[in-house]
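Data block below; observations after.
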Amino acid sequence: MLKTQLHQSPPASPTLIPLSKPPSQANGGIAILPVQAEPALQKSPGNARVGLASSTIEAIASPSTIEKSLSIKAVVTVKHSAGGFFSELGISGGLDTITDLMGKTLLLELVSAELDPKTGQEKGTIKGYAHKKGHNEEDVMYRCKFEVGEDFGEVGAIFVENEHHKEMYLKDIVLDGFAGGPLNITCNSWVHSKYDDPKKRVFFTNKCYLPAETPSGLKRLREEELAILRGNGQGERKSYERIYDYDVYNDLGNPDSSADKKRPVLGGKELPYPRRCRTGRPRSETDQQSESRSGSIYVPRDEQFSAIKELTFLAKAVYSVAHALVPSLETAIVDSDLGFPFFTAIDDLFNEGVNLPTLKKQGFLKDFFPRLVKTITDTSEDVLRFETPETMIRDRFFWFSDEEFARQTLAGINPYAIQLVTEWPLMSELDPKIYGPPESAITTDIIEREIKGFMTINEAIQQKKLFMLDYHDLFLPYVNKVRQLKGTTLYGSRTLFFLTPDETLKPLAVELTRPPTDDGKPQWKQVFIPSCHSTSMWLWRLAKAHVLAHDSGHHQLVSHWLRTHCATEPYIIATNRQLSEMHPIYKLLHPHFRYTMEINALARGNLINGDGIIETTFSPGKYSMELSAVAYDKQWQFDLQGLPNDLISRGLAVKDPTAPHGLKLAIEDYPFANDGLLLWDTIKAWVTNYVNHYYPDPSRIAWDRELQSWWTEIRTVGHGDKKDSPGWPDLKTPCDLIHIITTMVWVASGHHAAVNFGQYTYGGYFPNRPTIARTKMPVEDPTEGELKMFWDKPEVTLLTCFPSQIQATKVMAVLDVLSNHSPDEEYLGQDPEPAWKEEPVINAAFERFHGRLKELEGVMDARNTDQRFKNRNGAGIVPYELLKPFSEPGVTGRGVPYSISI
């Protein structure tokens, strides 16, 4: 007979933790106590990870006495590694094969959720050993029986000891034989070998409990689990550990290899920054502020891409771009400064490709990059040949158009930069003694000439018709530093746009500024405007190339890396340190945090590291990450990360209770904002239903010590450099929690999708979004040769300004990988977590969430065919699909995954 449940919340699916034996286990005996029956638990298809065969393990326990007991069968499903060519890259990890699993065992121990009513102590566990009985294509079957006495009470957890010499990936444990049906304990976790660590892992049943509602028999285990996950902050982390702790970004440089690879520490008073996961690696020998680098970077074991997911393939592809493809390109393109002599040479990247040198393993690159690397049949040579981006397929001259240049500020991959002009004249806030006169060179006369016939400058500002990309004050302090680097240059820039009656933006002017130089040159600044005259037209094109390089840098370093990947890592660390896996908010956030720490570690090792791909291909060069820290210091606030507040802060919306979503947009045809607000409201409705179920009144928020510790740690440790900054909401009511969670979920899903999965579509043809401007404007302190080249061959001047061949091909390869969806991508709202399915109220809310997301797809499709919306519809225009929730695999330009996993 089932006992009355002791908690309000439903079953959920935690990851488990190594724990010491409780005192009641000390004698190692086998208890014979009955188990309370549990409702049947359904396995979630979204929780089953494909890519490996599974093993099912059964254990048999023999009691010393039998009194009114249930015979319970235990089945454990273990996945094994597929192996393959990952190991040839030196990428370690993985599990035993089926052969390795033969004849080996797991020790299982059932844990009662209740204390012994006579002694008030924890009840003894019931032990059993798992042995193999047979296997099929995917599973290895092990059958065993527990004899469980009626006084044992409800099963609350199970201990697992891995007796193999290698770690193993435990998918789930099913206990069958209860009157109410089988009990499914979802694991989806790596279990270390007892030879690495003697502590046993504990897996709790799929039930959510607020801290005060934890069953008495599980309270100690709940606390010990969190203590283990926090660690003690000492020593170097081992690969099998699951410890979450904080550190500054002091591992981007490599001063031990050369002095010029030293990089500043990001995090602290000088350069505030979010925290990353602590690895405990020793300090650099030549710089005690820096952490030494190594071939692998620790992340807690369950945060790593597991070999059971095809998503791993994309992660390893990122690694392989840096460690295999880029070296091959550098061998093939010997001159790193060599540019493209003609625009047709750029087209050849899609038509002819780049011949790659022969590798030790024939076909290796083709295995990793089937879209990019083709083998020529008659020569058997590998060729890097890029797929033509959708933008080029629709209109090969799209990138030349001023209208497309403006449209992409609203419907491209950096829709977070455009802002309303609210004051005139434009003024810099930088110190004029250092950076020169603060007044902008964009005057009233210039603007009114460009909008002549529409309105005056004052009318344009009053009617909210003037908009701007402002990269002036953020970039200007780095101009002279960057100009000391080889093969790059920089300006501070402002670009103004006018909103026309058909809701499209018209570019008006670009201002480029160089501050006073160390050798005594005064501030230089000049305004460039669209023109039909050849000289002015080519200067305008060059000015746009510089602005696009600025926008590419801002997109990658701020909108993408800083505001999604980097800002989310402290949320993940705090969630695992302060919220038990039994906690309902842990269950809600868990799918949105999958694999982010691993992809961030890969980025630190291969993309944003000193002399890495970002530094060698983007204009700020070695100052790239430092610049992102300045942006964090000056611009980042938690409350501005949610979409509505972000739009309001940029002047793109005002609150209006009568308008859709409660906001009136300054630009009605703003594809990112229109689709984003639909998605935001849908996420918020789901989060609201979830939070209100577990927190029906504010007192539950106040009394939830885990929740309060979580939010305090995010503010004061993970983002501690900004703990005294504005923008941190209180956490006192369910509404506060709904706002906080919705913001985090939006950043991990909608925000990241909007700035990531269109990268190849818009950046694959790099003249549309050059990542670097290598040469200054030909009218800035020109030499005679520079002027002659510009006058005689302006096209060559533009091509010389663009990225070099090696820079362009490196970036294109990375963007192709980053824009990919894996075959088993986990999309927002596609599949529920096991815990959600088992609570009827939550399951019903999720079904509504899923259904609404399906409806959004139809709404977005209709918008893309509505000719009123010129920023997402028209001849040769790529429809705006970046926030469509679902997608097929590959580079599609749509699909919103749960988490930041690439």
Side-chain angles (χ1 to χ4, degrees), residues 2-3 5-7 9-17 35-50 52 54-59 61 70-79 106 108-113 125-126 128 130 138-146 148 152-160 168-191 201-209 215 218 221 302 308 580-584 586-588 590-591 826 831-840 842-843 846:
L2 287 174
K3 296 184 181 179
Q5 294 198 358
L6 303 176
H7 56 88
S9 46
S13 84
T15 311
L16 312 173
I17 323 131
V35 174
Q36 164 185 338
E38 296 285 351
L41 304 182
Q42 299 178 7
K43 296 185 183 180
S44 164
N47 226 30
R49 303 182 178 180
V50 302
L52 297 177
S54 340
S55 313
T56 310
I57 300 178
E58 172 185 329
L70 290 174
S71 180
I72 305 299
K73 185 186 299 180
V75 177
V76 182
T77 302
V78 176
K79 295 285 190 178
L106 291 175
L108 309 177
E109 299 184 37
L110 302 183
V111 179
S112 175
T125 61
I126 302 177
E138 294 186 348
D139 300 329
V140 177
M141 301 309 227
Y142 293 74
R143 299 192 177 219
C144 99
K145 293 177 183 176
F146 287 105
V148 182
F152 189 72
E154 182 178 359
V155 172
I158 187 166
F159 284 109
V160 178
M168 51 188 0
Y169 188 86
L170 217 62
K171 181 184 170 186
D172 60 23
I173 301 170
V174 178
L175 301 176
D176 197 3
F178 302 115
L183 176 64
N184 189 336
I185 301 174
T186 304
C187 304
N188 287 331
S189 179
W190 296 91
V191 179
R201 287 291 306 278
V202 63
F203 291 91
F204 298 102
T205 58
N206 292 1
K207 292 187 179 180
C208 293
Y209 299 98
L218 302 178
L221 297 184
D302 282 339
I308 64 166
S580 166
E581 293 173 8
M582 298 189 208
H583 200 291
Y586 177 95
K587 302 294 188 189
L588 177 59
H590 183 251
E826 299 171 26
D831 294 309
E833 294 290 285
W836 306 346
K837 293 175 67 175
E838 294 171 16
E839 168 56 53
I842 299 301
N843 189 50
F846 178 83

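Note that these values count all heavy atoms, side chains included, but never hydrogens, waters or copies made by symmetry.
- Pairing each heavy atom of F159 with each of L221, the nearest pair is CZ-CD2, 4.0 Å.
- The aromatic rings of Y169 and W190 stand perpendicular to each other, their planes meeting at an angle above 60°, with 30° marking the opposite boundary.
- How far NZ of K207 is from CD1 of I185: 10.5 Å, rounded to the nearest 0.5 Å.
- Taking CD1 of I158 as the reference point, atom CZ of F204 lies at 12.5 Å (rounded to 0.5 Å).
- For D176, the side chain to side chain contact (heavy atoms under 4.5 Å, CB included) partners two or more places apart in sequence, or in a different chain, are P182.
- Between K587 and E833, the closest heavy-atom pair is O-CG, 4.3 Å.
- With rounding to the nearest 0.5 Å, the separation of CD in E839 from CZ in F846 is 15.0 Å.
- Taking every heavy atom of both residues into account, Y209 and P584 meet most closely at O-CD, 3.8 Å.
- Across V155 and T205, no two heavy atoms sit closer than the pair O-CG2, 3.4 Å.
- Here the shortest heavy-atom pairing between G177 and L70 reads O-CD2, 4.4 Å.
- If you take CG on L110 and CZ on F152, they are separated by 5.5 Å, rounding to the nearest 0.5 Å.
- Side chain of N188 to main chain of D172: no donor-acceptor pair is present (N/O by atom type, distance under 3.5 Å, no hydrogens or angles).
- Here the straight-line distance linking atom CG of N184 with atom CD of E838 works out to 7.0 Å at 0.5 Å rounding.
- Atom CG of L175 is separated from atom CD1 of I72 by 7.0 Å, given to the nearest 0.5 angstrom.
- Listed here is the closest heavy atom pair of C187 and L170: CB-O, 3.4 Å.
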Inset, instruction - Would you sort out whether V76 and V160 count as a side-chain contact (heavy atoms from CB on, under 4.5 Å), showing the intermediate values? - result: CA-CA 10 Å; V76 182; V160 178; over 6 Å; no
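- You'll find the side chain of M168 reaches within 4.5 Å of the side chain of L106, heavy atoms only.
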